[in-house]
Amino acid sequence: MATLKVPACVPSPHEDSEQLRKAFEGWGTNEALIISILAHRNADQRRQIQKTYAETYGEELLKSLEKELSSDFERAVLLWTLHPSERDALLANEATKMFTSSNWVLMEIACSRSSHDLLQVKQAYHAKFKRSLEEDIAFHTSGDFRKLLVPLVSTYRYEGDEVNVTVAKREAKILNEKIKDKHYNDEELIRIFTTRSKAQLNATFNQYNNAFGNAITKDLKADLDDEFLKLLRATAKLLTYPEKYFEKLLRLSINKLGTDEGALTRVITTRAEVDLHRIKEEYQRRNSVPLDRAIEKDTSGDYEKFLLALLGHGDC
């Protein structure tokens, strides 16, 4: 479930563009007006606003926002304003760059998007960067990470609920053998993780738990310093319980010394139209504190107001 609050009667893209232009003019920027519009429009509405704004004022909305805003607030607004596939393409591209490289972000995009959405991300990546996402990941990763990440983004998983219990039992046994022997990069293990549907993986992991007495994520904790193993464990969690993965990411980004605004911004902007409601429930259950209160405590100013608006606060 999404947390995004869209007004019952949405102004036209032309009216929204006009109001945004007003927010940029005069002495100082009207940040409250920007939040009241952009934080309460869905992906298609934001795309229409961008189109209308460019046609009316001869400048890209994102460029105007870049000029007017700064710091974490700017990053959050820019990421949010983008269409989800374009946003993911940008995040994925950043994750393949030397100073912003992140195998985790690539894994997140590959595992938590539907097959259709992932295909759209790859198309958006082609259009913007004139290369394929697969080739950039292959070029910027190596060894076991490349072995896992390239097939993860290349796959087009079946999205239905049908599962084959016989296959689940057989593949649970294969996974157990590979994990017991510490063959974490084995091609059979990688094949199962990167090609099976999420429903089938759920069935396989349940069979694993029943047959061998441990959750697969627990058995993948054998070496806590192994970075590839950490990524593999997170892949298993994200493919089957995305709200648990994102809850932990939020908890770590808020509760450590100094907030990890990059992770906080990424989770809120990418999940607000998807499953942020479930992530909020999981956060409350795990931490006995509402997510909005944790964010209020850890952030400030327009950045805080914008994130809280995406969490479902404030009037439309």
Side-chain angles (χ1 to χ4, degrees), residues 92 95 102-119 133-134 137-138 141-249 251-252 275 278-279 282 286:
S102 171
N103 294 326
W104 289 77
V105 172
L106 296 170
M107 183 276 295
E108 267 174 41
I109 291 168
C111 295
S112 65
R113 281 38 166 184
S114 70
S115 296
H116 176 69
D117 289 343
L118 185 56
L119 184 61
L133 176 55
E134 289 90 339
I137 291 175
T141 57
S142 60
D144 293 343
F145 293 104
R146 183 191 287 164
K147 241 175 137 173
L148 176 68
L149 289 168
V150 172
L152 271 181
V153 294
S154 305
T155 193
Y156 192 86
R157 295 179 198 270
Y158 166 67
E159 292 284 339
D161 295 329
E162 285 81 357
V163 298
N164 184 320
V165 177
T166 308
V167 168
K169 285 179 179 172
R170 185 172 69 239
E171 294 193 337
K173 190 168 180 289
I174 292 169
L175 290 173
N176 181 254
E177 284 165 6
K178 302 305 176 189
I179 291 168
K180 214 163 50 184
D181 294 338
K182 300 193 173 181
H183 294 161
Y184 306 120
N185 62 356
D186 184 273
E187 62 182 39
E188 278 294 272
L189 185 148
I190 300 281
R191 172 188 66 77
I192 294 165
F193 271 57
T194 59
T195 63
R196 291 300 185 195
S197 73
K198 292 172 184 178
Q200 184 66 36
L201 281 171
N202 241 323
T204 300
F205 294 165
N206 284 337
Q207 290 293 341
Y208 186 105
N209 198 353
N210 294 340
F212 308 109
N214 259 347
I216 191 168
T217 45
K218 194 170 180 189
D219 283 352
L220 286 170
K221 274 186 179 173
D223 182 353
L224 292 174
D225 295 326
D226 186 323
E227 288 302 316
F228 177 70
L229 203 50
K230 282 182 196 169
L231 190 69
L232 200 60
R233 193 164 68 241
T235 300
K237 186 186 274 188
L238 189 49
L239 285 166
T240 49
Y241 297 107
E243 64 275 14
K244 290 188 177 181
Y245 171 88
F246 286 116
E247 180 282 321
K248 185 178 181 184
L249 186 54
R251 177 166 25 101
L252 294 176
D275 56 358
R278 282 204 300 274
I279 296 165
E282 181 63 21
R286 179 73 174 66

Indicate every side-chain donor-acceptor pair of residues 212-220 with a distance under 3.5 Å to a residue at least two apart or in another chain.
{"from": "Asn214", "atom 1": "ND2", "to": "Asp219", "atom 2": "OD1", "distance (Å)": "2.9"}
{"from": "Asp219", "atom 1": "OD2", "to": "Tyr208", "atom 2": "OH", "distance (Å)": "2.7"}

note = Correct closest heavy-atom pair for Ala168 and Thr204 would be CA-OG1, 3.5 Å
inquiry  = Taking side-chain contact (heavy atoms from CB on, under 4.5 Å) as the definition, give me every residue that meets it alongside Val150, ordered by chain and number, with sequence neighbours left out.
reply    = Ile137, Ala138, Arg146, Ser154
note = Between the CG atom in Asn103 and the CZ atom in Phe228, the distance rounded to the nearest 0.5 Å is 10.0 Å
ask   = Is it the case that more than 12 heavy atoms not belonging to Lys147 sit under 6.0 Å from its NZ atom?
value = yes
task = Flag the pair Leu189 / Leu232 as yes when at least one side-chain heavy-atom distance between them is below 4.5 Å, and no otherwise.
result = yes
task = Using a 4.5 Å cut-off on heavy atoms from C-beta on, say whether the side chain of Phe145 contacts that of Leu106.
result = no
message = Tell me which pairs pass salt bridge (charged side-chain N to carboxylate O under 4.0 Å, His left out) where either residue lies in residues 186-205, with sequence neighbours left out.
response = Glu171-Arg191, Glu171-Arg196, Lys178-Asp186, Glu188-Arg191
inquiry  = In the structure I gave you, are the side-chain heavy atoms of Ile109 and Val153 within less than 4.5 Å of one another anywhere?
reply    = no
task = Heavy atoms only: give me the nearest Ile279-Glu243 pair and the separation to one decimal.
result = CG1-CA, 3.9 Å
query = What is the distance from atom CE of Met107 to atom CG of Leu239, rounded to the nearest 0.5 Å?
reply = 8.5 Å
task = Mind jotting down which residue pairs meet the salt bridge (charged side-chain N to carboxylate O under 4.0 Å, His left out) criterion with at least one end in residues 104-118? Sequence neighbours excluded, please.
result = Asp88-Arg113, Glu108-Arg266
query = Closest heavy-atom contact between Asp144 and Asn185?
reply = OD1-ND2, 3.0 Å
message = Salt bridge check, Arg251 against Glu247: does any charged N sit closer than 4.0 Å to a carboxylate O?
response = yes
note = Looking only at heavy atoms, the pair that brings Leu118 and Ala110 closest together is CD2-O, 3.9 Å
Atom of Tyr245, atom of Trp104 and distance for their closest heavy-atom approach = OH-CE3, 3.7 Å
key: Ser197 (side chain) donor-acceptor with Arg157 (main chain) under 3.5 angstrom   = no
Summary of ring pair (Phe, Tyr, Trp, His ring centres under 6.0 Å) pairs that have at least one residue in residues 170-198, sequence neighbours excluded = Phe193-Phe205
key: Closest approach of Ala199 to Gly160 (non-hydrogen atoms, all atoms of both residues)   = CB-O, 3.6 Å
key: Ionic contact status for Glu177 with Lys173, cut-off 4.0 Å   = yes
task = Using the ring pair (Phe, Tyr, Trp, His ring centres under 6.0 Å) rule, collect all pairs that involve residues 152-174, keeping only residues at least two apart or in two chains.
result = none
ask   = Taking Asn210 for the side chain and Asn206 for the main chain, is one N or O donor matched with an acceptor at less than 3.5 Å?
value = yes
inquiry  = What I want to find out is whether Lys230 reaches Glu227 closely enough, with some N-O distance under 4.0 Å, to be called a salt bridge.
reply    = yes
query = Is the side chain of Asp226 donor-acceptor paired with the backbone N or O of Leu229 at a distance under 3.5 Å, no angle test?
reply = yes
note = CG of Leu148 to CD1 of Ile190, rounded to nearest 0.5 Å, is 5.0 Å
Lys244 charged N/C atom sitting above Tyr241 aromatic ring, 6.0 Å / 45° = yes
query = Do Pro151 and Thr195 have side chains that get closer than 4.5 Å, going by heavy atoms?
reply = no
